[in-house]
Amino acid sequence: MEKIKVGVLGATGSVGQRFIQLLENHPFFTVTHLAASEKSAGKTYGEVMKSRWKISSDIPAYAKDIVITLPKPTDTKGVQLVFSGLDSSIAGEVETEYAESGVIVISNSKNHRMDPHVPLMSAEVNSEHLEVLKSQKTSGKIITNSNCTIMGVTISLKPLHDKYGIESVMLFSMQAISGAGYPGVPTMDILGNVVPYISGEEDKAEIEPQKCLGTVENGQIKSASFAISAHCNRVPVFDGHTVCVSVKFKKKPSKEDILKTWKEFSGEPQKLDLPLAPKQPIVYREEADRPQPRLDLDTGRGMATVVGRLREDSILDWKWVVLSHNTIRGAAGAALLNAELLYKKGLISS
Ligand code: NAP
C-alpha cells in the first residue's frame, strides 16, 4: 500500500530531529517535506545538520538530500499530514495556514493547545477527544500534544482519575536541558547547578492535565475540575523529565489498588498494536531509588512512562515519582503515535 506523504516543520530543532529519527522506515508514512527558518531554508537537511545533529545515531539517509523550505503549505506537493516542532513564536499562525490548506497538523507547540475545539491528545489517555475535530472549521485539522513535563504525569493519573477521581495534585519537576531546545540553556548556567525557573512552564503544567482528562461536551473539550500546583526546575540532565507528584483523591485507593490499576492500564494504541505503542504504557519500578533518567529513559523505546516510589503522603493521599522521555514520549513519539492512531482509524485519507 502507498505510504502517506508527511512533512516535519521545525525539522532542525530538538523535537524535529526526533521526528526524523522516528520516521525512518515507518510502515505508514514517508517524509517528503522538511521546513525550518530562513537560516536553514534552501539547503539540504544533511548539509544543515552536519554540525547540529544531537541524537546518538546517524542522520537517517532518507532525510539527507531533502531540501529544507520555509514552512509554507504551498510547497508541500501531496503532503497530507505535517508534524510540527516549530518554535512557538511562529507555530500558531503557520499551523493554521497548513490546516486551512487541507493538511492535518500534529503539533508540539503550545499555541493551539487550550482551544476547546483542538484535542490535547495522548493516544492512550483521550483518543475519544478526536470527536471535536468535526467542529474545526478548516479542511485540514489541528491536533496537539501536551507539554512534555506533564505527559508522563497525566498518563499516571489517567486510570486513577477514572476509578477514584482526583481532587488535587502537587508536582515538582526536574527537567532535562534538551527540553529547552537547541542550543538551549547556556552551559555556564546549568552545569553543576539547578535553575528553579522555566518561563511559562508552571502555567502549562497547572492547566493541561485537566484538559487531557476532560470530557467532550457539545463538540468541545471541557477540562476536569481538579486543581494543580506546580514547581518546575531545570537540572543538568540531558534527556528525561522526572516529576515528583502528590495526589489527593475523591475516594482514597489502597497501594495495591494503585499498583494493579497502573499494571492493567492500556489504551487504543495497544489494542490496535500501533508500531510505536509501548507494550505496557506504565511501568512500575519496585527499587527504592528508581526511576532514574540514566537507567530508565529507554523503557518501551522511550514511549513508556516509568513510575516508582509509591508511598503515602502525609498531607495529601499518595505520592510517587514519574519519568518520561521529553523528546520522545513528551514530543515527537507522542505525536507520531497520535498520527498512527489517525491512520488506523481511517482519519487520514490517501
Ligand atoms: P528548537 O530546538 O529551538 O527548534 C525550533 C525549530 O523551529 C527549528 O527547526 C527552527 O529552525 C524552527 N524555527 C524557529 N523560528 C522559525 C521561523 N521564524 N520560521 C521557521 N522556522 C523557525 O525547539 P524544540 O525544543 O525542538 O521545540 C520545538 C517546539 O516543541 C516548541 O514549541 C517547544 O515548546 C515544543 N516542545 C519541545 C519539547 C522538548 O523536549 N524540546 C517537548 C515538547 C514540546 P532553524 O533551525 O532553521 O532556526
Side-chain angles (χ1 to χ4, degrees), residues 7-22 33-45 47-55 63 66-73 75 82-95 97-98 105-113 120-122 142-154 173-185 198-201 203-205 208 212 232 234-235 237-243 293 297 302 323-338:
V8 180
L9 314 181
T12 52
S14 293
V15 173
Q17 292 178 41
R18 277 291 173 204
F19 277 123
I20 299 300
Q21 183 198 36
L22 294 173
H33 170 62
L34 298 180
S37 76
E38 266 176 4
K39 200 169 74 187
S40 316
K43 300 177 197 137
T44 63
Y45 193 72
E47 197 183 340
V48 171
M49 297 310 288
K50 224 174 349 189
S51 59
R52 286 191 53 189
W53 184 257
K54 299 293 167 206
I55 293 179
I66 300 178
V67 176
I68 299 171
T69 66
L70 291 173
K72 287 205 169 65
D75 287 340
V82 291
F83 296 101
S84 171
L86 284 172
D87 190 85
S88 59
S89 59
I90 55 142
E93 205 178 308
V94 169
E95 290 167 2
E97 279 170 22
Y98 274 82
V105 179
I106 305 200
S107 171
N108 287 283
S109 293
K110 65 179 180 185
N111 311 65
H112 295 286
R113 280 186 194 151
L120 184 54
M121 203 170 117
S122 180
I142 300 178
I143 295 160
T144 54
N145 288 349
S146 74
N147 171 271
C148 47
T149 311
I150 61 100
M151 180 68 76
V153 173
T154 306
S173 74
M174 291 163 276
Q175 299 181 218
I177 50 176
S178 64
Y182 183 77
V185 195
I198 304 173
S199 174
E201 201 75 354
D203 301 331
K204 290 180 255 178
E208 291 186 12
C212 294
C232 294
R234 187 76 67 199
V235 297
V237 164
F238 188 72
D239 279 327
H241 292 348
T242 307
V243 188
L297 198 59
L323 170 73
S324 61
H325 197 306
N326 53 299
T327 63
I328 301 182
R329 182 73 224 202
L336 184 50
L337 191 63
N338 288 345

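Counting convention: from 1, in listed order, for ligands and their atoms alike.
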- Specify whether Y98 and H33 have parallel, tilted or perpendicular ring planes, treating 30° as the upper limit for parallel and 60° as the lower limit for perpendicular.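 Aromatic pair Y98/H33 classed tilted.
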- Return the minimal non-hydrogen interatomic distance between S173 and C232, and the atom names on each side.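 Heavy-atom minimum between the residues: OG-CA, 3.0 Å.
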- Message: Going by the rule salt bridge (charged side-chain N to carboxylate O under 4.0 Å, His left out), which residues pair with E208 if we only count those two or more places apart in sequence or in a different chain?
- Response: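 Counting only residues at least two positions away or on another chain, E208 forms a salt bridge (charged side-chain N to carboxylate O under 4.0 Å, His left out) with R113.
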- Message: Checking side-chain polar atoms at under 3.5 Å, does N326 have a donor or acceptor matched by the opposite partner on Q175?
- Response: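 No donor-acceptor contact under 3.5 Å links the two side chains.
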- R18 with D239: basic N within carboxylate O range, under 4.0 Å: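 Yes.
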- Message: Which residue is it: L34, T69, I68? I am looking for the one with a side-chain contact (heavy atoms from CB on, under 4.5 Å) to S40.
- Response: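 Answer after filtering L34, T69, I68: I68.
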- Around ligand 1, what residues show up once you keep those with a heavy atom under 4.0 Å from it?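 Answer by chain and number: G10, A11, T12, G13, S14, V15, A36, S37, K39, S40, R52, P71, G85, L86, D87, S88, I90, N108, S109, C148, S178, G179, G181, Y182, N326, T327, G330, A331.
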